There are 2 protein chains.
Amino acid sequence: MARPKDPAVRTLLLERAGQMLRTRAPITLRSLVADTGYSTMAVYTHFGSMDGLWTALRQEGHTRMGVLFRELPTTDDPVLDLAAHVTAYIQNALDHPDLYRVMFDATFGLDDAQAADDGLECMVQSALRGVEAGRFAEDVVPLDLAVQTWAVAHGLSSLVANGPQPVETLRHGPLLLEGLFVRVGDKLDRCQASVGQAWKQAGLPMAG
Amino acid sequence: MARPKDPAVRTLLLERAGQMLRTRAPITLRSLVADTGYSTMAVYTHFGSMDGLWTALRQEGHTRMGVLFRELPTTDDPVLDLAAHVTAYIQNALDHPDLYRVMFDATFGLDDAQAADDGLECMVQSALRGVEAGRFAEDVVPLDLAVQTWAVAHGLSSLVANGPQPVETLRHGPLLLEGLFVRVGDKLDRCQASVGQAWKQAGLPMAG
DNA sequence: TACATGGCATAGCTATGTTATGTTTTCCGG
DNA sequence: CCGGAAAACATAACATAGCTATGCCATGTA
(Lines give C-alpha, C1' and ligand atoms only; values in the text may rest on other atoms or scores of the structure.)
Protein backbone atom coordinates (compact mmCIF):
# COMPACT_ATOMS: atom_id res chain seq x y z
CA MET A 1 0.00 0.00 0.00
CA ALA A 2 2.37 2.56 -1.24
CA ARG A 3 3.40 4.40 -4.32
CA PRO A 4 5.62 2.19 -6.51
CA LYS A 5 8.93 3.37 -7.94
CA ASP A 6 8.71 4.29 -11.56
CA PRO A 7 11.31 2.15 -13.36
CA ALA A 8 11.35 4.72 -16.15
CA VAL A 9 12.94 7.24 -13.80
CA ARG A 10 15.76 4.89 -12.93
CA THR A 11 16.30 4.11 -16.59
CA LEU A 12 16.20 7.76 -17.52
CA LEU A 13 18.80 8.69 -14.93
CA LEU A 14 21.04 5.78 -15.84
CA GLU A 15 20.94 6.59 -19.53
CA ARG A 16 21.57 10.23 -18.82
CA ALA A 17 24.52 9.29 -16.64
CA GLY A 18 25.88 7.08 -19.38
CA GLN A 19 25.54 9.89 -21.87
CA MET A 20 27.29 12.34 -19.56
CA LEU A 21 30.04 9.78 -19.10
CA ARG A 22 30.51 9.57 -22.85
CA THR A 23 30.42 13.37 -23.18
CA ARG A 24 32.99 13.51 -20.37
CA ALA A 25 30.67 15.87 -18.55
CA PRO A 26 31.19 15.73 -14.79
CA ILE A 27 28.43 13.60 -13.31
CA THR A 28 27.19 15.49 -10.31
CA LEU A 29 24.00 15.01 -8.35
CA ARG A 30 22.43 18.24 -9.49
CA SER A 31 23.71 18.20 -13.05
CA LEU A 32 22.35 14.67 -13.39
CA VAL A 33 18.78 15.59 -12.54
CA ALA A 34 18.86 18.98 -14.24
CA ASP A 35 16.25 19.35 -16.99
CA THR A 36 14.81 15.94 -16.23
CA GLY A 37 11.82 17.34 -14.36
CA TYR A 38 12.90 15.42 -11.30
CA SER A 39 14.61 16.61 -8.18
CA THR A 40 17.79 15.38 -6.54
CA MET A 41 15.76 13.05 -4.36
CA ALA A 42 15.07 10.84 -7.36
CA VAL A 43 18.67 9.68 -7.21
CA TYR A 44 18.23 8.66 -3.60
CA THR A 45 14.95 6.84 -4.09
CA HIS A 46 16.28 4.84 -7.02
CA PHE A 47 19.96 4.42 -6.17
CA GLY A 48 20.22 5.15 -2.46
CA SER A 49 23.20 7.40 -2.94
CA MET A 50 25.57 8.71 -5.53
CA ASP A 51 27.73 5.67 -4.92
CA GLY A 52 24.70 3.56 -5.74
CA LEU A 53 24.46 5.29 -9.08
CA TRP A 54 28.09 4.53 -9.85
CA THR A 55 27.57 0.92 -8.86
CA ALA A 56 24.60 0.76 -11.21
CA LEU A 57 26.77 2.24 -13.96
CA ARG A 58 29.39 -0.44 -13.36
CA GLN A 59 26.68 -3.05 -13.56
CA GLU A 60 25.53 -1.52 -16.82
CA GLY A 61 29.02 -1.76 -18.20
CA HIS A 62 29.37 -5.41 -17.28
CA THR A 63 26.00 -6.45 -18.61
CA ARG A 64 26.66 -4.49 -21.79
CA MET A 65 29.88 -6.42 -22.26
CA GLY A 66 28.01 -9.63 -21.52
CA VAL A 67 25.55 -8.80 -24.27
CA LEU A 68 28.40 -8.02 -26.67
CA PHE A 69 29.96 -11.36 -25.87
CA ARG A 70 26.74 -13.26 -26.33
CA GLU A 71 26.19 -11.62 -29.69
CA LEU A 72 29.46 -13.03 -30.98
CA PRO A 73 28.95 -15.82 -33.51
CA THR A 74 30.02 -19.37 -32.74
CA THR A 75 32.06 -20.70 -35.62
CA ASP A 76 33.76 -24.04 -36.11
CA ASP A 77 37.05 -22.46 -35.01
CA PRO A 78 37.06 -22.13 -31.22
CA VAL A 79 40.41 -20.35 -31.19
CA LEU A 80 39.04 -17.76 -33.59
CA ASP A 81 36.04 -17.37 -31.31
CA LEU A 82 38.20 -16.95 -28.24
CA ALA A 83 40.33 -14.36 -30.00
CA ALA A 84 37.13 -12.64 -31.15
CA HIS A 85 36.12 -12.31 -27.51
CA VAL A 86 39.38 -10.52 -26.90
CA THR A 87 38.90 -8.15 -29.81
CA ALA A 88 35.33 -7.45 -28.68
CA TYR A 89 36.61 -6.75 -25.18
CA ILE A 90 39.24 -4.36 -26.46
CA GLN A 91 36.87 -2.74 -28.92
CA ASN A 92 34.35 -2.07 -26.19
CA ALA A 93 37.04 -0.58 -23.97
CA LEU A 94 38.13 1.69 -26.81
CA ASP A 95 34.58 2.72 -27.70
CA HIS A 96 33.57 3.48 -24.14
CA PRO A 97 36.79 4.19 -22.25
CA ASP A 98 35.14 6.07 -19.40
CA LEU A 99 32.57 3.38 -18.78
CA TYR A 100 35.37 0.84 -18.98
CA ARG A 101 37.30 2.72 -16.35
CA VAL A 102 34.29 2.96 -14.09
CA MET A 103 33.85 -0.80 -14.41
CA PHE A 104 37.20 -1.43 -12.80
CA ASP A 105 38.00 1.52 -10.58
CA ALA A 106 36.07 0.65 -7.48
CA THR A 107 35.54 -2.15 -5.04
CA PHE A 108 33.03 -4.57 -6.33
CA GLY A 109 29.53 -5.21 -5.12
CA LEU A 110 28.28 -8.77 -5.21
CA ASP A 111 25.94 -8.42 -8.17
CA ASP A 112 28.74 -6.93 -10.19
CA ALA A 113 30.85 -10.03 -9.66
CA GLN A 114 28.03 -12.10 -11.08
CA ALA A 115 27.80 -9.93 -14.16
CA ALA A 116 31.55 -10.11 -14.65
CA ASP A 117 31.44 -13.87 -14.30
CA ASP A 118 28.75 -13.97 -16.96
CA GLY A 119 31.19 -12.39 -19.35
CA LEU A 120 33.87 -14.88 -18.39
CA GLU A 121 31.49 -17.76 -18.93
CA CYS A 122 31.37 -17.06 -22.66
CA MET A 123 35.12 -17.32 -22.88
CA VAL A 124 35.05 -20.49 -20.81
CA GLN A 125 32.74 -22.03 -23.37
CA SER A 126 35.05 -21.19 -26.24
CA ALA A 127 37.98 -22.55 -24.27
CA LEU A 128 36.07 -25.75 -23.58
CA ARG A 129 35.24 -26.15 -27.25
CA GLY A 130 38.90 -25.58 -28.02
CA VAL A 131 39.83 -28.45 -25.76
CA GLU A 132 37.12 -30.69 -27.19
CA ALA A 133 38.21 -29.86 -30.72
CA GLY A 134 41.76 -30.88 -29.88
CA ARG A 135 43.17 -27.41 -30.37
CA PHE A 136 44.21 -27.21 -26.71
CA ALA A 137 45.71 -29.94 -24.57
CA GLU A 138 43.34 -32.30 -22.79
CA ASP A 139 44.43 -31.21 -19.33
CA VAL A 140 43.71 -27.54 -19.98
CA VAL A 141 41.15 -26.19 -17.53
CA PRO A 142 38.76 -24.02 -19.57
CA LEU A 143 38.18 -21.59 -16.72
CA ASP A 144 41.92 -21.12 -16.28
CA LEU A 145 42.46 -20.48 -19.96
CA ALA A 146 39.57 -18.04 -19.96
CA VAL A 147 41.08 -16.11 -17.07
CA GLN A 148 44.48 -16.11 -18.76
CA THR A 149 42.92 -14.82 -21.96
CA TRP A 150 41.05 -12.22 -19.97
CA ALA A 151 44.29 -11.07 -18.35
CA VAL A 152 45.82 -10.44 -21.76
CA ALA A 153 42.73 -8.61 -23.00
CA HIS A 154 42.49 -6.53 -19.86
CA GLY A 155 46.17 -5.70 -19.80
CA LEU A 156 46.13 -4.39 -23.35
CA SER A 157 42.80 -2.61 -22.92
CA SER A 158 43.66 -0.77 -19.75
CA LEU A 159 47.07 0.25 -21.02
CA VAL A 160 45.51 1.73 -24.15
CA ALA A 161 41.97 2.82 -23.28
CA ASN A 162 42.77 4.86 -20.17
CA GLY A 163 46.49 4.31 -19.87
CA PRO A 164 49.71 5.75 -21.18
CA GLN A 165 50.07 3.60 -24.29
CA PRO A 166 48.94 4.54 -27.81
CA VAL A 167 46.50 2.39 -29.75
CA GLU A 168 49.26 0.94 -31.89
CA THR A 169 50.26 -1.02 -28.81
CA LEU A 170 47.31 -3.24 -29.63
CA ARG A 171 49.33 -4.69 -32.49
CA HIS A 172 51.02 -6.84 -29.86
CA GLY A 173 47.75 -8.58 -29.11
CA PRO A 174 48.05 -11.39 -31.65
CA LEU A 175 51.56 -12.34 -30.54
CA LEU A 176 50.48 -12.42 -26.92
CA LEU A 177 47.46 -14.57 -27.67
CA GLU A 178 49.47 -16.87 -29.91
CA GLY A 179 52.01 -17.32 -27.15
CA LEU A 180 49.27 -18.25 -24.72
CA PHE A 181 47.32 -20.50 -27.05
CA VAL A 182 50.38 -22.33 -28.36
CA ARG A 183 51.59 -22.71 -24.78
CA VAL A 184 48.40 -24.60 -23.96
CA GLY A 185 48.58 -26.84 -26.97
CA ASP A 186 47.60 -25.15 -30.21
CA LYS A 187 49.80 -25.38 -33.30
CA LEU A 188 51.49 -22.12 -34.23
CA ASP A 189 50.37 -21.90 -37.83
CA ARG A 190 46.73 -22.71 -37.17
CA CYS A 191 46.80 -20.40 -34.17
CA GLN A 192 48.25 -17.54 -36.17
CA ALA A 193 45.53 -17.99 -38.77
CA SER A 194 42.75 -17.97 -36.20
CA VAL A 195 44.02 -15.07 -34.13
CA GLY A 196 45.04 -13.09 -37.18
CA GLN A 197 41.59 -13.48 -38.67
CA ALA A 198 39.92 -12.26 -35.48
CA TRP A 199 42.24 -9.28 -35.30
CA LYS A 200 41.70 -8.40 -38.93
CA GLN A 201 37.94 -8.71 -38.66
CA ALA A 202 37.96 -6.34 -35.70
CA GLY A 203 40.04 -3.82 -37.59
CA LEU A 204 42.52 -3.52 -34.74
CA PRO A 205 46.13 -2.47 -35.34
CA MET A 206 48.29 -5.28 -36.69
CA ALA A 207 52.02 -5.87 -36.46
CA GLY A 208 54.43 -5.25 -39.29
CA MET B 1 64.27 38.78 -4.50
CA ALA B 2 61.64 36.73 -2.86
CA ARG B 3 61.04 34.11 -0.27
CA PRO B 4 61.97 30.67 -1.65
CA LYS B 5 59.62 27.69 -1.39
CA ASP B 6 60.63 25.32 1.32
CA PRO B 7 61.11 21.92 -0.35
CA ALA B 8 60.55 20.27 3.02
CA VAL B 9 56.93 21.39 2.97
CA ARG B 10 56.33 19.76 -0.38
CA THR B 11 58.01 16.56 0.78
CA LEU B 12 56.07 16.57 4.03
CA LEU B 13 52.75 16.94 2.25
CA LEU B 14 53.61 14.28 -0.32
CA GLU B 15 54.68 11.77 2.30
CA ARG B 16 51.61 12.50 4.35
CA ALA B 17 49.43 12.02 1.28
CA GLY B 18 51.13 8.72 0.57
CA GLN B 19 50.56 7.61 4.13
CA MET B 20 46.88 8.58 3.99
CA LEU B 21 46.62 6.67 0.73
CA ARG B 22 48.01 3.56 2.41
CA THR B 23 45.72 4.06 5.40
CA ARG B 24 42.83 4.46 2.98
CA ALA B 25 42.03 7.74 4.67
CA PRO B 26 40.22 10.11 2.31
CA ILE B 27 42.75 12.66 1.07
CA THR B 28 41.09 16.02 1.34
CA LEU B 29 42.60 19.47 1.23
CA ARG B 30 41.96 20.19 4.88
CA SER B 31 42.65 16.73 6.22
CA LEU B 32 45.95 16.75 4.38
CA VAL B 33 47.27 19.87 6.07
CA ALA B 34 45.68 19.16 9.45
CA ASP B 35 48.23 18.92 12.29
CA THR B 36 51.06 19.83 9.94
CA GLY B 37 51.28 23.38 11.19
CA TYR B 38 50.61 24.59 7.67
CA SER B 39 47.44 25.95 6.16
CA THR B 40 45.55 24.85 3.07
CA MET B 41 47.45 27.41 1.03
CA ALA B 42 50.58 25.31 1.29
CA VAL B 43 49.01 22.84 -1.12
CA TYR B 44 48.45 25.61 -3.65
CA THR B 45 51.91 27.11 -3.38
CA HIS B 46 53.59 23.73 -3.84
CA PHE B 47 51.17 21.84 -6.10
CA GLY B 48 48.97 24.51 -7.66
CA SER B 49 45.82 22.59 -6.95
CA MET B 50 44.53 19.38 -5.54
CA ASP B 51 44.89 17.86 -9.00
CA GLY B 52 48.52 18.88 -8.88
CA LEU B 53 48.95 16.90 -5.71
CA TRP B 54 47.45 13.81 -7.33
CA THR B 55 49.75 14.26 -10.29
CA ALA B 56 52.71 14.46 -7.94
CA LEU B 57 51.49 11.27 -6.25
CA ARG B 58 51.35 9.53 -9.61
CA GLN B 59 54.85 10.71 -10.30
CA GLU B 60 55.92 9.32 -6.93
CA GLY B 61 54.43 5.98 -7.81
CA HIS B 62 56.21 5.80 -11.13
CA THR B 63 59.59 6.85 -9.80
CA ARG B 64 59.19 4.43 -6.89
CA MET B 65 58.62 1.64 -9.36
CA GLY B 66 61.58 2.83 -11.37
CA VAL B 67 63.75 2.58 -8.25
CA LEU B 68 62.43 -0.90 -7.54
CA PHE B 69 63.31 -1.93 -11.05
CA ARG B 70 66.77 -0.48 -10.88
CA GLU B 71 67.44 -2.30 -7.63
CA LEU B 72 66.81 -5.64 -9.29
CA PRO B 73 70.00 -7.66 -9.76
CA THR B 74 71.35 -8.42 -13.20
CA THR B 75 72.10 -12.12 -13.45
CA ASP B 76 73.44 -14.19 -16.31
CA ASP B 77 69.86 -15.26 -17.11
CA PRO B 78 68.10 -12.42 -18.93
CA VAL B 79 64.80 -14.30 -19.01
CA LEU B 80 64.94 -14.71 -15.26
CA ASP B 81 65.64 -10.99 -14.97
CA LEU B 82 62.75 -10.09 -17.23
CA ALA B 83 60.42 -12.32 -15.23
CA ALA B 84 61.78 -10.76 -12.06
CA HIS B 85 60.71 -7.37 -13.38
CA VAL B 86 57.22 -8.76 -13.74
CA THR B 87 57.15 -10.15 -10.22
CA ALA B 88 58.48 -6.87 -8.86
CA TYR B 89 55.80 -5.02 -10.78
CA ILE B 90 53.08 -7.26 -9.39
CA GLN B 91 54.52 -7.22 -5.89
CA ASN B 92 54.55 -3.44 -5.87
CA ALA B 93 50.95 -3.33 -7.08
CA LEU B 94 49.94 -5.72 -4.32
CA ASP B 95 51.87 -3.88 -1.64
CA HIS B 96 50.55 -0.45 -2.60
CA PRO B 97 47.26 -1.07 -4.42
CA ASP B 98 45.91 2.44 -3.91
CA LEU B 99 49.05 4.10 -5.17
CA TYR B 100 49.02 1.67 -8.07
CA ARG B 101 45.48 2.67 -8.89
CA VAL B 102 46.32 6.34 -8.73
CA MET B 103 49.19 5.74 -11.13
CA PHE B 104 46.80 4.61 -13.84
CA ASP B 105 43.44 6.25 -13.18
CA ALA B 106 43.99 9.62 -14.72
CA THR B 107 45.12 11.27 -17.89
CA PHE B 108 48.85 11.56 -17.98
CA GLY B 109 50.99 14.60 -17.61
CA LEU B 110 54.16 14.78 -19.68
CA ASP B 111 56.65 14.22 -16.88
CA ASP B 112 54.70 11.15 -15.84
CA ALA B 113 55.21 9.62 -19.25
CA GLN B 114 58.93 10.06 -18.82
CA ALA B 115 58.89 8.30 -15.48
CA ALA B 116 56.83 5.44 -16.90
CA ASP B 117 59.26 5.14 -19.78
CA ASP B 118 62.11 4.93 -17.30
CA GLY B 119 60.50 1.84 -15.85
CA LEU B 120 60.06 0.35 -19.28
CA GLU B 121 63.68 1.02 -20.12
CA CYS B 122 64.82 -1.51 -17.54
CA MET B 123 62.72 -4.19 -19.16
CA VAL B 124 64.01 -3.18 -22.56
CA GLN B 125 67.53 -3.80 -21.34
CA SER B 126 66.68 -7.30 -20.12
CA ALA B 127 64.92 -8.01 -23.40
CA LEU B 128 67.95 -6.82 -25.31
CA ARG B 129 70.25 -9.02 -23.29
CA GLY B 130 67.88 -11.89 -23.94
CA VAL B 131 68.26 -11.36 -27.65
CA GLU B 132 72.02 -11.01 -27.41
CA ALA B 133 72.24 -14.17 -25.33
CA GLY B 134 70.32 -16.05 -27.98
CA ARG B 135 67.35 -16.75 -25.75
CA PHE B 136 65.07 -14.72 -28.00
CA ALA B 137 65.04 -14.61 -31.81
CA GLU B 138 67.33 -12.17 -33.53
CA ASP B 139 64.51 -10.16 -35.07
CA VAL B 140 62.83 -9.51 -31.73
CA VAL B 141 62.56 -5.80 -31.02
CA PRO B 142 63.48 -5.34 -27.35
CA LEU B 143 61.07 -2.45 -26.88
CA ASP B 144 58.23 -4.51 -28.30
CA LEU B 145 58.98 -7.45 -26.06
CA ALA B 146 59.20 -5.12 -23.08
CA VAL B 147 55.78 -3.65 -23.86
CA GLN B 148 54.34 -7.11 -24.32
CA THR B 149 55.77 -8.22 -21.00
CA TRP B 150 54.44 -5.08 -19.41
CA ALA B 151 50.97 -5.81 -20.78
CA VAL B 152 50.99 -9.21 -19.09
CA ALA B 153 52.25 -7.79 -15.82
CA HIS B 154 49.74 -4.95 -15.90
CA GLY B 155 46.84 -7.19 -16.83
CA LEU B 156 47.46 -9.52 -13.93
CA SER B 157 48.22 -6.71 -11.50
CA SER B 158 45.16 -4.63 -12.21
CA LEU B 159 42.86 -7.63 -12.16
CA VAL B 160 44.17 -8.65 -8.76
CA ALA B 161 45.33 -5.48 -7.00
CA ASN B 162 42.22 -3.38 -7.52
CA GLY B 163 40.09 -5.70 -9.60
CA PRO B 164 37.64 -8.53 -9.15
CA GLN B 165 40.11 -11.40 -9.20
CA PRO B 166 41.65 -13.07 -6.13
CA VAL B 167 45.41 -13.27 -5.63
CA GLU B 168 45.48 -16.92 -6.67
CA THR B 169 44.89 -15.64 -10.19
CA LEU B 170 48.55 -14.70 -10.16
CA ARG B 171 49.41 -18.40 -10.50
CA HIS B 172 48.67 -17.94 -14.20
CA GLY B 173 51.56 -15.54 -14.53
CA PRO B 174 54.27 -18.10 -15.33
CA LEU B 175 52.22 -19.75 -18.06
CA LEU B 176 51.46 -16.40 -19.65
CA LEU B 177 55.09 -15.36 -19.57
CA GLU B 178 56.26 -18.71 -20.86
CA GLY B 179 53.81 -18.43 -23.72
CA LEU B 180 55.15 -15.02 -24.61
CA PHE B 181 58.84 -15.82 -24.21
CA VAL B 182 58.63 -19.12 -26.09
CA ARG B 183 56.65 -17.35 -28.78
CA VAL B 184 59.58 -15.01 -29.33
CA GLY B 185 62.17 -17.74 -29.42
CA ASP B 186 63.02 -19.16 -26.00
CA LYS B 187 63.05 -22.92 -25.41
CA LEU B 188 60.20 -24.10 -23.21
CA ASP B 189 62.24 -25.99 -20.61
CA ARG B 190 64.79 -23.27 -20.08
CA CYS B 191 62.01 -20.69 -20.05
CA GLN B 192 60.04 -22.61 -17.47
CA ALA B 193 63.11 -22.82 -15.27
CA SER B 194 63.81 -19.11 -15.51
CA VAL B 195 60.24 -17.91 -15.04
CA GLY B 196 59.54 -20.48 -12.34
CA GLN B 197 62.60 -19.36 -10.42
CA ALA B 198 61.55 -15.73 -10.58
CA TRP B 199 58.04 -16.58 -9.44
CA LYS B 200 59.29 -18.73 -6.59
CA GLN B 201 61.77 -16.11 -5.44
CA ALA B 202 58.99 -13.55 -5.32
CA GLY B 203 56.79 -15.87 -3.31
CA LEU B 204 53.86 -15.35 -5.64
CA PRO B 205 51.11 -17.99 -6.02
CA MET B 206 52.17 -20.89 -8.22
CA ALA B 207 50.09 -23.28 -10.30
CA GLY B 208 49.46 -26.88 -9.31
C1' DT C 1 68.81 49.16 5.79
C1' DA C 2 64.68 49.85 2.88
C1' DC C 3 61.79 47.47 -0.10
C1' DA C 4 59.48 44.41 -2.97
C1' DT C 5 58.48 39.66 -3.95
C1' DG C 6 56.25 35.69 -2.77
C1' DG C 7 55.27 32.10 0.93
C1' DC C 8 51.79 31.43 4.21
C1' DA C 9 47.43 32.29 7.36
C1' DT C 10 42.69 33.63 7.64
C1' DA C 11 38.36 33.51 6.13
C1' DG C 12 34.81 33.44 2.88
C1' DC C 13 33.04 31.72 -1.75
C1' DT C 14 30.67 28.20 -4.64
C1' DA C 15 29.38 23.55 -5.43
C1' DT C 16 29.16 18.99 -3.88
C1' DG C 17 26.58 14.95 -1.56
C1' DT C 18 23.34 14.23 1.94
C1' DT C 19 19.40 14.67 4.87
C1' DA C 20 15.38 16.68 7.34
C1' DT C 21 10.84 18.00 6.39
C1' DG C 22 6.70 18.75 3.92
C1' DT C 23 3.63 17.47 -0.05
C1' DT C 24 1.49 14.42 -3.25
C1' DT C 25 0.51 10.25 -5.30
C1' DT C 26 -0.87 5.57 -5.26
C1' DC C 27 -2.36 1.33 -3.42
C1' DC C 28 -5.16 -1.27 -0.08
C1' DG C 29 -8.85 -2.27 3.29
C1' DG C 30 -13.30 -1.04 4.57
C1' DC D 1 -16.28 4.12 -3.41
C1' DC D 2 -13.50 6.10 -0.24
C1' DG D 3 -10.13 7.09 3.63
C1' DG D 4 -5.70 6.49 5.22
C1' DA D 5 -1.03 5.05 5.15
C1' DA D 6 3.22 4.45 2.99
C1' DA D 7 6.35 5.74 -0.16
C1' DA D 8 7.74 8.72 -4.19
C1' DC D 9 8.90 13.24 -4.85
C1' DA D 10 9.85 18.52 -3.99
C1' DT D 11 12.02 21.96 -1.19
C1' DA D 12 15.45 23.57 1.35
C1' DA D 13 18.92 23.51 4.69
C1' DC D 14 23.40 21.39 6.26
C1' DA D 15 28.26 19.74 6.22
C1' DT D 16 32.16 19.62 3.77
C1' DA D 17 34.71 19.72 -0.57
C1' DG D 18 38.10 22.63 -3.41
C1' DC D 19 39.33 27.12 -4.36
C1' DT D 20 40.45 32.17 -3.94
C1' DA D 21 40.61 37.06 -2.25
C1' DT D 22 43.07 39.45 1.08
C1' DG D 23 46.57 40.61 4.37
C1' DC D 24 50.80 39.63 6.98
C1' DC D 25 55.50 38.69 7.29
C1' DA D 26 59.81 36.49 6.11
C1' DT D 27 63.53 36.82 2.86
C1' DG D 28 66.65 38.04 -0.86
C1' DT D 29 68.20 42.23 -3.38
C1' DA D 30 69.56 46.97 -4.12
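Please read all numbers here as calculations on a predicted model, not as lab measurements. First the proteins, then the strands, lettered A, B, ... as listed; each starts at 1.
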Contacts of Arg16(A) meeting salt bridge (charged side-chain N to carboxylate O under 4.0 Å, His left out) (sequence neighbours excluded), chain-then-number -> none
Here the distance between atom C1' of dC19(D) and atom CG of Asp51(B), to the nearest Å, is 12 Å
Got a salt bridge between Asp98(A) and Arg22(A), using NZ or NE/NH1/NH2 to carboxylate O under 4.0 Å? no
On a heavy-atom basis, the closest approach of Pro73(A) and Asp81(A) is O-OD1, 3.8 Å
Sorted by number, residues from residues 41-49 of chain B placing a heavy atom under 4.0 Å from DNA chain C are Met41(B), Thr45(B), His46(B)
Trp54(A) CH2 to dT16(C) C1', in whole Å, measures 13 Å
Note: Pro142(A) and Val124(A) closest approach over all heavy atoms is CB-O, 3.8 Å
Between NZ of Lys5(A) and P of dC27(C) the distance, given in whole Å, is 15 Å
Rounded to whole Å, CG of Leu12(B) lies from C1' of dC8(C) at a distance of 14 Å
- Assign the ring pair Phe181(B) / Phe136(B) to parallel, tilted or perpendicular, where the plane angle (0 to 90°) is split at 30° and 60°. tilted
For His172(A), the ring pair (Phe, Tyr, Trp, His ring centres under 6.0 Å) test, sequence neighbours excluded, returns none
Taken in chain and number order and not counting sequence neighbours, the residues that satisfy side-chain hydrogen bond (donor to acceptor under 3.5 Å, both in side chains) with Arg135(A) are Asp77(A), Asp186(A), Ser194(A)
Closest of dA10(D), dT27(D), dT26(C) to the Ser39(A) side chain is dA10(D)
Residues of residues 19-35 of chain A with a heavy atom under 4.0 Å from any atom of DNA chain C, listed by number, are Ile27(A), Thr28(A), Leu29(A), Arg30(A)
Rounded to whole Å, the CE-C1' distance (Met50(B) to dT16(C)) equals 15 Å
Report task. Just call it for Gly37(A): base, sugar-phosphate, or nothing, with non-hydrogen atoms closer than 4.0 Å on any strand. Result -> sugar-phosphate
Residue set satisfying ring pair (Phe, Tyr, Trp, His ring centres under 6.0 Å) with Tyr100(A), at least two apart, ordered chain then number -> Tyr89(A), Phe104(A), His154(A)
**Asked** If you measure only the distance, is there a donor-acceptor pair under 3.5 Å linking the side chains of Glu121(B) and Gln125(B)?
**Response** yes
In whole angstroms, the gap separating C1' of dG28(D) from CG of Asp6(B) amounts to 15 Å
